[in-house]
Amino acid sequence: MKKSLLLLLISAGLFTSCDKEQDPFLISANSIGHLTKEVQIRELDSVFDQDSIVRQVSEGELYRSNNEIEVYDKKGKKMLLLEPVQAFDSTSTIGFVQVLDPRFKTAKGLNTQSTFKDIVENYNISRIENTLSAAVIFIDDLNIYVTIDKKQLPADLRYDTQKRITAAQIPDEAKIKYFMIDWD
């Protein structure tokens, strides 16, 4: 009896002490796979040790300088585009992430190939902004915003940036154009 109780306790201890492997493609409010909002630029090589990182450095383009970081998988497919909070600072954290690979998705399955219907059925939309060429949909619970090209909206909304766009005006089948995470 004592042996079986001891064996049961040891098994339970081992079971609870094992770290659950994190999904390398799961998007949450504070992480994208193994990348968290606290990771510094200098740590990216260890976070993406199985992938390739390309740093794009440009200065002087119309009063703008940046150092975007592209992340590619082993097969050469671009997965993410990262932008640091502070340009040219290796201790900076990531401010914005553009998700390019549909393997990255939220717990409810939202990814770059989702439709507006997927958003409405699974998330609370915080607000919708009307820009020159897109409707920008904010999901504050996850620090996500997605854009839907205005070409997919009714004609009366396409050319007027002053009109308020509501969720009811966006077709269910409208596809996501850009999928962004804002940690800034």
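Atoms considered below: every heavy atom in the structure, side chains included; atoms not considered: hydrogens, waters and symmetry mates. For reference, positions follow the sequence shown, starting with 1.
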Participant: Measure the spacing between CG of L157 and CG of D160 and express it to the nearest 0.5 Å.
Facilitator: 8.5 Å
Participant: Using the side-chain hydrogen bond (donor to acceptor under 3.5 Å, both in side chains) criterion, which residues pair with T147? Sequence neighbours excluded.
Facilitator: none
Participant: State, with a plain yes or no, whether a side-chain heavy atom of I176 is found less than 4.5 Å away from one of T112.
Facilitator: no
Participant: Name all residues meeting the side-chain hydrogen bond (donor to acceptor under 3.5 Å, both in side chains) criterion together with E38; count only those two or more places apart in sequence or in a different chain, and write none if there are none.
Facilitator: T36
Participant: Can you run down the salt bridge (Lys or Arg N to Asp or Glu O under 4.0 Å) pairs that involve residues 109-120, sequence neighbours left out, and say none if there aren't any?
Facilitator: K117-E121
Participant: Identify, with sequence neighbours excluded, every residue that meets salt bridge (charged side-chain N to carboxylate O under 4.0 Å, His left out) alongside D156.
Facilitator: K163
Participant: Honestly curious: do F96 and I69 fall in one hydrophobic cluster under the side-chain, below-4.5 Å linking rule?
Facilitator: no
Participant: To the nearest 0.5 Å, tell me how far I41 CD1 sits from S92 OG.
Facilitator: 5.0 Å
Participant: If you group Ile, Leu, Val, Met, Phe, Trp and Tyr by side-chain heavy-atom gaps below 4.5 Å, do I170 and V120 land in one group?
Facilitator: yes
Participant: If you measure from CG on D141 to CG on N122, what distance do you get to the nearest 0.5 Å?
Facilitator: 12.0 Å
Participant: Can you check side chain to side chain contact (heavy atoms under 4.5 Å, CB included) on T106 and L26, steps first, answer last?
Facilitator: CA-CA 6 Å; T106 65; L26 181 65; 5.6 Å; no
Participant: Quick one: are V97 and I94 in side-chain contact, heavy atoms under 4.5 Å?
Facilitator: yes
Participant: Between Q50 and K74, what is the shortest heavy-atom contact and its length?
Facilitator: O-CG, 3.2 Å
Participant: Of the non-hydrogen atoms in S90 and Q40, which two are nearest, and what is the gap between them?
Facilitator: O-CB, 3.9 Å
Participant: Could you pull out all residues at least two apart from S126 that satisfy side-chain hydrogen bond (donor to acceptor under 3.5 Å, both in side chains)?
Facilitator: D140
Participant: Out of curiosity, does I139 fall in the hydrophobic cluster containing M180 (side-chain heavy atoms, cut-off under 4.5 Å, transitive links)?
Facilitator: no
Participant: Who passes ring-ring contact (aromatic ring centres under 6.0 Å, His included) against F116, sequence neighbours left out?
Facilitator: none
Participant: Heavy atoms, side chains only, cut-off 4.5 Å: are V99 and I144 in contact?
Facilitator: no
Participant: Do T115 and D172 pass the side chain to side chain contact (heavy atoms under 4.5 Å, CB included) test, and can you show the C-alpha distance, the side-chain angles, and the key distance before you say yes or no?
Facilitator: CA-CA 7 Å; T115 63; D172 285 346; 5.9 Å; no
Participant: What pairs meet the side-chain hydrogen bond (donor to acceptor under 3.5 Å, both in side chains) rule with one or both residues in residues 174-184, with sequence neighbours excluded?
Facilitator: D149-K177
Participant: Identify the heavy atoms of L81 and E70 that sit nearest to each other, and give their distance.
Facilitator: CD1-CG, 3.5 Å
Participant: For K108, which residues count as a salt bridge (charged side-chain N to carboxylate O under 4.0 Å, His left out) partner, sequence neighbours excluded?
Facilitator: none
Participant: Is any side-chain heavy atom of L110 less than 4.5 Å from a side-chain heavy atom of F179?
Facilitator: yes
Participant: In terms of hydrophobic clustering (I, L, V, M, F, W, Y; side-chain heavy atoms under 4.5 Å; direct or indirect links), are I181 and I125 co-clustered?
Facilitator: yes
Participant: Please identify each residue that fulfils salt bridge (charged side-chain N to carboxylate O under 4.0 Å, His left out) with R103, with sequence neighbours left out.
Facilitator: D73, D101
Participant: Please determine whether side chain to side chain contact (heavy atoms under 4.5 Å, CB included) holds for the pair I128 and V136, giving the CA-CA distance in whole Å, both sets of side-chain angles, and the decisive distance to 0.1 Å.
Facilitator: CA-CA 5 Å; I128 300 173; V136 184; over 6 Å; no
Participant: Flag the pair D51 / M79 as yes when at least one side-chain heavy-atom distance between them is below 4.5 Å, and no otherwise.
Facilitator: yes
Participant: Would L80 and F104 satisfy side chain to side chain contact (heavy atoms under 4.5 Å, CB included), going step by step from the backbone distance to the final call?
Facilitator: CA-CA 9 Å; L80 300 169; F104 287 96; 3.9 Å; yes
Participant: Do D49 and S46 meet the criterion of a side-chain donor-acceptor pair at a distance under 3.5 Å?
Facilitator: no
Participant: Quick one: CD1 on I27 to CG on L142, what's the gap to the nearest 0.5 Å?
Facilitator: 8.5 Å
Participant: Minimum heavy-atom separation for Q169 and P154, please, with both atom names.
Facilitator: O-CD, 3.3 Å
Participant: What is the distance from atom CD1 of I32 to atom CG of D23, rounded to the nearest 0.5 Å?
Facilitator: 12.5 Å
Participant: Is there a side chain to side chain donor-acceptor pair (under 3.5 Å) between K150 and N130? Walk through the geometry before answering.
Facilitator: CA-CA 9 Å; K150 278 188 163 180; N130 184 351; 2.5 Å; yes
Participant: Flag the pair L82 / L35 as yes when at least one side-chain heavy-atom distance between them is below 4.5 Å, and no otherwise.
Facilitator: yes
Participant: Decide yes or no for I53 and D45: does some side-chain heavy atom of the first lie under 4.5 Å from some side-chain heavy atom of the second?
Facilitator: yes
Participant: To the nearest 0.5 Å, what is the distance between CG (N143) and OG (S28)?
Facilitator: 9.0 Å
Participant: Can you name the ring-ring contact (aromatic ring centres under 6.0 Å, His included) partners of Y123, sequence neighbours left out?
Facilitator: none
Participant: For D89, enumerate each residue passing the side-chain hydrogen bond (donor to acceptor under 3.5 Å, both in side chains) test, keeping only those at least two apart in sequence or located in another chain.
Facilitator: T91
Participant: Flag the pair K105 / F25 as yes when at least one side-chain heavy-atom distance between them is below 4.5 Å, and no otherwise.
Facilitator: no
Participant: Is there a donor-acceptor pair closer than 3.5 Å between any side-chain N or O of R127 and the backbone N or O of I137?
Facilitator: no
Participant: Connecting only ILVMFWY residues whose side-chain heavy atoms lie within less than 4.5 Å of each other, what is the rest of Y72's hydrophobic cluster?
Facilitator: V54
